[in-house]
Amino acid sequence: MNKALSIFIGVLISSSVFAQRDPNLGIIPAPVSITRASGNFELDKTTILVNQSIDGAKMTDLLNAFMVTKAGFALRETKITQPNQKAIILTSVGADQLPAEGYTIKVTPKQIVLTGKGAGLFYAVQSAMQMMPDKVADKITIPAVNINDYPRFAYRGTMLDVSRHFFPISFIKKYIDQLAYYKINTFHWHLTDDQGWRLEIKKYPKLTEIGSSRNGTIIGHYPGNGNYLTPVKGFYTQEEAKDIVKYAAAKYITVIPEIELPGHASAAIASYPELSCFPDRDTFISDKTPWAGSRKGKQVQQTWGVFDDIFVPSTNTFTMLNNILDEVIAVFPSKYIHIGGDEAPKTYWKESPFCQALMKEKGLKDEHELQSYFIQTIEKHVNAKGRSIIGWDEILEGGLAPNATVMSWRGEDGGIAAAQQNHDVIMTPGSMGLYIDHKQSNSPDEPVTIGGFAPYQKIYAYDPIPKVLTADQRKYIKGVQANMWTEYIKTSEKAENHAYPRILALAEIAWSPVERKDLKNFSEERLPVHLARLDKMNVNYWVPTPIGLSDKNLTGGEFTIDLKVPVRGGKIYYSIDLSRPSENAFLYTGPVKITVPKGEKRVLKTIVIAPSGRRSVTTETVLNNGAPDVTVDTKK
Ligand code: ACM
């Protein structure tokens with residue numbers, strides 16, 4: 001061992017004490033209020049489970065399935081309580097007085113009473129499961145508390161792009177399970193794009209016969225260094241989509257389908273070239289990839305970006321899109337249908353004599369107004385079916401469709417402008433960490449991503465209500481969403497790595513009051529417990545780096561490195577000899593004192609290894625005591 005190193009053993013905190021000490025009782029998202037009462041409820045085999053609620057049967061099943069895993073026994077279910085018998089009671093009495101999706105939990109030494117109806121009772125059960133510490137000597141000890149809880153935002157969403165890469169139904173369900181556990185209530189399913197059409201449309205079978213398959217994908221980061229020639233294909237039948245809708249609804253999650261128009265339409269155009277302004281024109285890849293240029297006929301795109309070949313605003317196109325949307329509406333009962341609207345270059349519309357004549361006929365002064373005409377035509381049809389449209393913030397350009405909800409992704413400006421025009425808004429700005437395809441650390445160990453930097457702390461710091469809005473305008477901010485674009489996410493495992501723990505931070509900003517936000521409590525007390533759960537459930541979450549580690553190089557001669565493990569049951573290993581840490585490096589057991597002689601430097605490297613063996617990236621912190629140059633060859 002290096003002479004300059006000495007180790008102090010830290011105080012180990014046992015898991016049950018850990019949960020007891022957390023003022024949020026381990027619940028993510030943090031409830032509106034938790035007040036302590038005296039005593040504890042001791043849950044054991046004699047506790048009964050009483051359903052007195054209108055939606056209770058499936059909730060008691062859920063709770064009992066959880067009890068079997070958590071405690072190793074199920075509770076006896078009854079309809080009535082026995083005097084002096086310890087009981088968990090699910091009730092809807094008084095639930096009408098609660099806010100939408102709200103619930104209460106009252107824990108006394110005798111009873112745990114969960115009050116709510118529908119989503120509210122379901123969320124009470126999620127919180128009840130999360131607040132139960134591990135069993136000790138056949139008992140689970142739950143502190144007496146009163147919890148009052150309801151969401152800050154009605155819309156709490158995540159978007160998954162299944163066009164750039166296809167994800168199986170089994171993964172979608174596994175993902176929905178976790179969303180529900182964190183009280184996220186909207187799953188936005190990005191079903192169509194340039195690289196694949198993923199939903200069966202019976203009237204237009206070529207959309208999936210042709211549009212659901214591409215012949216290759218770039219290798220590595222855009223513009224790529226070659227092309228995998230393996231086809232990427234897949235689509236969901238309408239029956240499968242209905243099954244997802246039903247599965248999600250049972251967990252109080254609404255599925256919003258997205259059918260992109262008028263841009264990001266290459267897969268549809270490859271299937272039906274008459275949807276293009278120039279049906280006979282070859283596909284043109286206007287990018288820097290080695291295969292940029294023309295490709296014969298209309299092609300499903302094999303690379304990423306924005307493409308000029310967008311839908312022509314003809315009667316035929318509107319008829320086809322309306323027919324497609326009718327089938328979509330029949331599969332998805334959601335109030336909202338997402339119609340895309342983003343990144344539609346106007347090049348082809350400018351070149352097209354048809355589009356120019358149409359603009360003249362309709363009195364449209366530019367191509368942005370033509371896009372607005374396009375969206376408004378679609379909106380009329382969707383509204384006539386009793387539904388509403390959501391579009392990305394480009395739908396503001398050229399005039400907003402009268403009833404549209406705006407999804408603000410290019411920063412907050414679109415959301416602000418829409419709210420100022422009295423339109424509903426969902427905030428999902430990439431610049432604020434809500435693009436969860438971005439990377440989670442600056443380590444070279446990160447897998448290839450689209451770029452950007454969005455650690456979970458950045459999402460956590462975000463407040464979806466822009467300060468510039470007046471009190472009246474703020475009401476139009478209906479919620480917040482995280483988006484997972486999948487250009488660089490080819491597998492379900494990698495999707496999970498991008499999703500967690502960021503989805504947990506999203507849940508807290510979407511649900512909890514701003515005053516309840518507490519990054520330290522979230523990161524250091526609750527997240528480690530939740531990540532340990534995901535670890536056990538074989539969810540491939542991103543393992544955080546050690547808590548307390550400086551993300552900057554440090555100067556000085558004496559350093560005390562005081563760290564916390566970010567996953568309960570995990571271990572931190574470290575080195576200062578430039579080796580890459582693994583189980584063979586020093587095990588961190590408490591604050592470490594490192595002395596660096598004058599004129600020298602050391603590199604502290606760490607890694608976190610979770611109980612499952614999942615690993616964090618390796619971190620590197622230079623500890624410099626006046627060495628002439630802080631650059632150290634850390635690759636040795
Ligand atoms: C988007 O990221 N193009 C909405």
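Order of listing sets the numbers, starting from 1, for every ligand and every atom in it.
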Between [X] and [Y], what is the ring plane arrangement, given parallel below 30°, perpendicular above 60°, and tilted in between?
X      : Y      : answer
Trp392 : His338 : tilted
Phe166 : Tyr236 : tilted
Trp485 : Tyr435 : tilted

Per ring-ring contact (aromatic ring centres under 6.0 Å, His included), Trp511 is matched among Tyr182, Tyr155, Tyr123, Tyr150 by Tyr123
Do His190 and Asn483 have side-chain N/O donor and acceptor atoms under 3.5 Å apart?
no
Which residues pass the salt bridge (Lys or Arg N to Asp or Glu O under 4.0 Å) test with Lys467, sequence neighbours left out?
Asp463
Show me the short polar-atom pairs for ligand 1: any N or O of it lying under 3.5 Å from a protein N or O, with distances only.
residue  : atom  : partner : partner atom : Å
ligand 1 : 2 (O) : Tyr435  : OH           : 2.6
ligand 1 : 3 (N) : Asp342  : OD2          : 2.7
ligand 1 : 3 (N) : Glu343  : OE1          : 3.2

